[in-house]
Amino acid sequence: MLLKCGQPLPLLSHTDVPPRVIENFILTGYRFPNYSLRDCLLSAFRPTNETGNFWTHFLPVFIFSYYFVEVFGWEGAPHGDHPFFYPLWNYYIGVFCLLMASSMAHLLNSMSLVVREVCFFVDYGTISSYTVGSSLAYYYYIHPQAGIVETRGQNDSHIDLKHEPLRSPTSPYAIPEFSAFFETFYIPSACVVAIICVLSCCNTRQRWRRYRYVIRTLVFLLPFLVSSTPVFYRLLTRSPYPTTSSAFFASTSMPIFFYRHCLWLLVSAIFNISKFPERLAPGRFDIWGHSHQWFHCCTFLSILDELHMIKVEVKAILISPNLLLPPATLSRLPGPTVASTYGVMLLLQTTIISIIVWFSWHANCIYGPQRDQLEKEPVKKHLKCH
């Protein structure tokens with residue numbers, strides 16, 4: 001909505017907007033929750049207290065994509081639509097949806113109080129989808145029994161990655177208890193935990209408001225622990241590759257990327273809970289430099305290191321003489337299929353969308369009357385031309 005004098009709607013202080021819109025220690029730079037879609041899009045180029053939140057997750061989409069597509073140009077890599085890359089594409093979908101949903105939520109949440117709630121419900125849902133996308137990549141590329149089998153062509157130089165079940169003798173690398181968990185419970189556990197996270201985070205917008213930042217941060221610690229199980233396994237056991245092989249040297253940097261991934265997640269959690277630095281100087285970091293922007297930067301750096309970690313393992317598999325993790329395994333583990341990758345994500349997304357729809361309906365019952373009232377209010381005191 002633009003004023004007749006040609007100026008955009010002025011930014012407001014925390015005393016001029018509904019309490020629902022106010023963020024802790026952020027005093028100015030607010031948009032009134034009755035913007036049109038056009039006004040929201042244009043606000044990306046205005047210094048509001050959401051501008052930095054938008055750009056710190058929108059620009060990373062392109063940075064992540066740049067590093068992601070590098071995999072398909074590696075020597076010996078199959079075509080991008082090969083089943084070998086199904087888990088990697090699901091991981092990309094999870095990250096892409098997370099970054100886009102987060103940036104759009106911060107850009108469009110001033111359309112109304114109801115839209116604000118829906119935006120962040122979608123944001124929480126995509127975070128959970130991302131964790132399952134990561135789990136699929138871990139399962140097939142970092143799993144101690146990843147079922148990637150090599151067959152060679154007649155000239156012994158062509159790699160044909162097949163998703164056939166593997167039959168081979170027992171490996172000293174495999175542990176029966178972990179084997180049973182990975183093959184039977186790992187992906188289902190990741191999905192169940194993701195759904196629990198969506199339910200919990202959506203609930204913090206309608207109850208538990210006082211401790212919402214702590215709850216949201218701690219809730220997402222659980223999927224991290226579950227999805228990272230294959231990585232913990234790899235770190236606590238010996239490498240599945242012969243120490244003199246190229247695959248072994250290619251995978252040696254995996255722990256470094258994982259530790260950096262954990263470090264950035266820890267720093268992002270600290271920013272999200274502490275509300276530093278705006279807590280120390282309310283009003284000084286309203287537009288640039290407040291904690292949520294640093295939170296976004298740190299979470300993206302953690303994702304970028306996670307991508308590098310996955311790429312390291314993909315490269316190790318591609319250059320391994322037998323393309324197996326480990327060379328001999330304890331039992332049969334099928335490789336990636338459409339059903340075990342895209343099918344899992346589709347089922348999860350359907351469940352998450354159902355949860356979002358339910359919470360959105362409930363939010364409309366609560367904030368719908370307030371939205372209608374705000375749309376009728378002229379708010380003339382905020383629309384003065386300067």
Side-chain angles (χ1 to χ4, degrees), residues 55-71 74 87-88 90-99 102 126-144 146 190 197 216-241 247-274 276-277 289 291-319 325:
W55 289 108
T56 50
H57 263 182
F58 183 73
L59 292 178
V61 171
F62 303 97
I63 300 174
F64 179 83
S65 299
Y66 172 79
Y67 285 106
F68 175 82
V69 297
E70 182 184 37
V71 175
W74 287 347
L88 196 63
N90 277 267
Y91 173 67
Y92 177 82
I93 291 171
V95 174
F96 177 84
C97 290
L98 182 154
L99 296 175
S102 174
T126 55
I127 294 174
S128 292
S129 298
Y130 151 73
T131 62
V132 174
S134 298
S135 299
L136 288 169
Y138 291 177
Y139 183 72
Y140 286 106
Y141 303 129
I142 306 180
H143 190 297
C197 289
R216 291 170 195 169
T217 302
L218 294 179
V219 155
F220 284 110
L221 176 63
L222 182 58
F224 164 76
L225 294 175
V226 173
S227 64
S228 299
T229 306
V231 185
F232 296 144
Y233 186 104
R234 287 287 302 275
L235 295 176
L236 295 174
T237 57
R238 65 180 177 83
S239 173
Y241 302 105
F248 175 82
F249 290 106
S251 66
T252 53
S253 58
M254 187 272 283
I256 298 175
F257 287 123
F258 179 69
Y259 295 144
R260 283 170 37 175
H261 169 66
C262 296
L263 175 63
W264 289 124
L265 285 178
L266 175 62
V267 175
S268 67
I270 292 173
F271 275 119
N272 197 38
I273 294 175
S274 67
F276 177 88
S291 61
H292 204 79
Q293 295 170 9
W294 292 113
F295 168 73
H296 276 194
C297 292
C298 292
T299 53
F300 173 65
L301 289 173
S302 75
I303 291 172
L304 200 57
D305 277 327
E306 180 184 49
L307 172 64
H308 291 319
M309 176 183 69
I310 294 172
K311 286 170 62 178
V312 161
E313 290 302 301
V314 170
K315 177 172 286 188
I317 294 175
L318 290 175
I319 65 177
L325 289 179

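- In this structure, His308 NE2 and Arg260 CZ are separated by 7.0 Å, a value rounded to the nearest 0.5 Å.
- Taking both residues in full, the closest heavy atoms of Val95 and Ile303 are given as CG1-CG2, 3.8 Å, listed atom of the first, atom of the second, then distance.
- Annotation: side chain of Leu88 is in contact with side chain of Tyr141 (closest heavy-atom distance under 4.5 Å).
- Within 6.0 Å of the CZ atom in Phe224, the count of heavy atoms belonging to other residues, nucleotides or ligands exceeds 12.
- The side-chain heavy atoms of Met309 and Val231, taken from C-beta on, include a pair separated by under 4.5 Å.
- Here Ser228 contributes atom OG and Ile142 contributes atom CD1; the two are 8.5 Å apart, rounded to the nearest 0.5 Å.
- Under 3.5 Å, the side chains of Thr299 and His57 contain a donor-acceptor pair of N or O atoms.
- Rounding to the nearest 0.5 Å places CG of Asn90 at 9.5 Å from OH of Tyr140.
- Side-chain contact between Cys197 and Pro223 is present, with heavy atoms from C-beta onward closer than 4.5 Å.
- Under 3.5 Å, the side chains of Tyr138 and Glu306 contain a donor-acceptor pair of N or O atoms.
- Once rounded to the nearest 0.5 Å, the distance linking SG of Cys262 with CG of Asp305 reads 10.0 Å.
- Taking 4.5 Å as the limit, some side-chain heavy atom of Trp74 sits within range of a side-chain heavy atom of Lys311.
- Across all non-hydrogen atoms, the minimal contact from Ala137 to Ile310 is CB-CD1, 3.7 Å.
- Using the six-membered ring where Trp is involved, Tyr91 and Tyr130 have ring planes that are tilted, between 30° and 60° apart.
- The line from CD1 of Ile270 to CG of Leu265 is 11.5 Å long, rounded to the nearest 0.5 Å.
- To the nearest 0.5 Å, the span separating CZ on Phe64 from CZ on Phe96 amounts to 11.0 Å.
- Here the side chain of Ser102 pairs no donor or acceptor atom with the backbone of Leu99 at under 3.5 angstrom.
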Quiz prompt | Worked check of side chain to side chain contact (heavy atoms under 4.5 Å, CB included) between Tyr259 and Leu235 | solution = CA-CA 11 Å; Tyr259 295 144; Leu235 295 176; 4.0 Å; yes

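- Heavy atoms only, all atoms of each residue included: Pro60 and Thr56 are closest at CG-O, 3.1 Å.
- When all heavy atoms of Ser253 and Val312 are compared, the closest pair comes out as OG-CG2, 3.4 Å.
- When the shell of 6.0 Å around OH of Tyr67 is examined, it contains 12 or fewer heavy atoms from other residues, nucleotides or ligands.
- The aromatic rings of His261 and Phe258 are tilted relative to each other, their planes meeting at an angle between 30° and 60°.
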Quiz item: Is there a side chain to side chain contact (heavy atoms under 4.5 Å, CB included) between Phe276 and Trp294 once you walk through the steps?
Solution: CA-CA 9 Å; Phe276 177 88; Trp294 292 113; over 6 Å; no

